[in-house]
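Remarks on the structure that follows.
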Amino acid sequence: MAAQTKPVLHGYFRSSCSWRVRIAFALKGIEFDQVSVNLIKDGGEQLTEQYKTLNPMQQVPAVEIDGVTLSQSLAVIQYIDETRPGPRLLPADPKKRAQVRMISDLIASGIQPLQNLYVIQKIGSDKLQWAQHFIDRGFQALEPILKQTAGKYCVGDEISMADICLVPQVYNAAERFDVDVDQYPTIKRINQTLNEVEAFKVSHPSSQPDAP
């Protein structure tokens with residue numbers, strides 16, 4: 001019975017990690033409910049004791065699914081992929097699957113945490129330069145990797161977890177931190193292609209119920 005209950009995503013419209021999970025649900029055709037956790041209001045709703053019981057790291061997302069509560073977006077995406085039908089988010093081929101995980105980890109561990117809200121709030125007046133530095137550093141590594149792995153998408157011609165990670169990060173770079181994405185033509189091309197895919201459109205922050 002638990003598997004028939006709609007998952008619940010506790011997240012924030014502009015959170016990269018929440019966005020990744022929304023894309024994965026959309027690609028798989030999974031209906032889900034959303035509960036907004038406003039990262040700004042009253043100092044951040046993620047810092048309440050109530051939310052801490054869902055995610056002890058006091059970050060978004062937290063996903064209630066199949067009777068368990070999961071955090072960390074890549075763990076959620078891989079669980080969805082392993083338990084739900086629909087297009088594979090990790091390729092069957094071991095080498096391609098490793099490449100997808102490599103790219104996903106590069107973004108999710110090597111770029112995004114260094115420019116997320118919690119870190120930026122600690123930096124002070126230099127936060128824009130800080131974010132630009134670490135995004136550029138990550139993109140300078142990601143661009144040559146994608147030149148080796150990409151077809152239409154990050155790894156070959158099938159959408160994967162790597163693409164799910166890419167789109168929110170490019171949005172952060174270009175829209176929030178004024179990074180010149182034209183320096184990275186492969187990243188830019190793949191991002192433009194993905195933004196035409198319906199699952200990515202419906203998952204965009206501007207389309208979420210808690211968007212201003």
For the pair His10 and Glu64, evaluate side-chain hydrogen bond (donor to acceptor under 3.5 Å, both in side chains) and give the outcome as yes or no after the intermediate values.
CA-CA 8 Å; His10 300 260; Glu64 297 178 86; 2.7 Å; yes

Residue pair [X] / [Y]: nearest heavy atoms and the distance that separates them:
X	Y	answer
Gly11	Ser18	CA-OG, 3.3 Å
Ser104	Leu74	CB-CD1, 4.1 Å
Ile145	Met102	CG2-CE, 3.8 Å
Tyr51	Gln46	CD2-O, 3.3 Å
Thr149	Cys154	OG1-O, 2.7 Å

May I ask you to test the [X]-[Y] pair for a side-chain heavy-atom distance under 4.5 Å?
X	Y	result
Phe32	Arg22	yes
Tyr79	Val63	no
Trp130	Val119	yes
Phe200	Ile23	yes
Ser73	Val21	yes

Could you tell me whether [X] atom [atom1] has more than 12 heavy atoms of other residues or ligands within 6.0 Å of it?
X	atom1	result
Gln58	CD	yes
Gln72	CD	no
Arg189	CZ	yes
Lys28	NZ	yes
Lys201	NZ	yes

Please identify each residue that fulfils salt bridge (charged side-chain N to carboxylate O under 4.0 Å, His left out) with Asp33, with sequence neighbours left out.
Lys6

OG on Ser203 to CD on Glu198, rounded to 0.5 Å
9.0 Å

Return the CD to CD distance between Gln140 and Gln183, rounded to the nearest 0.5 Å.
7.5 Å

Identify whether Leu54 and Val8 are in the same connected component of the hydrophobic contact network (ILVMFWY, side-chain heavy atoms under 4.5 Å).
no

Say whether Ile135 and Tyr171 are linked into one hydrophobic cluster, either directly or through other cluster members, by side-chain heavy-atom distances under 4.5 angstrom.
yes

Pair Arg14, Glu175 - check side-chain contact (heavy atoms from CB on, under 4.5 Å), show working.
CA-CA 11 Å; Arg14 205 170 65 176; Glu175 304 297 330; over 6 Å; no

Output yes when Lys152 and Asp163 qualify as a salt bridge under the 4.0 Å nitrogen-oxygen rule, no when they do not.
no

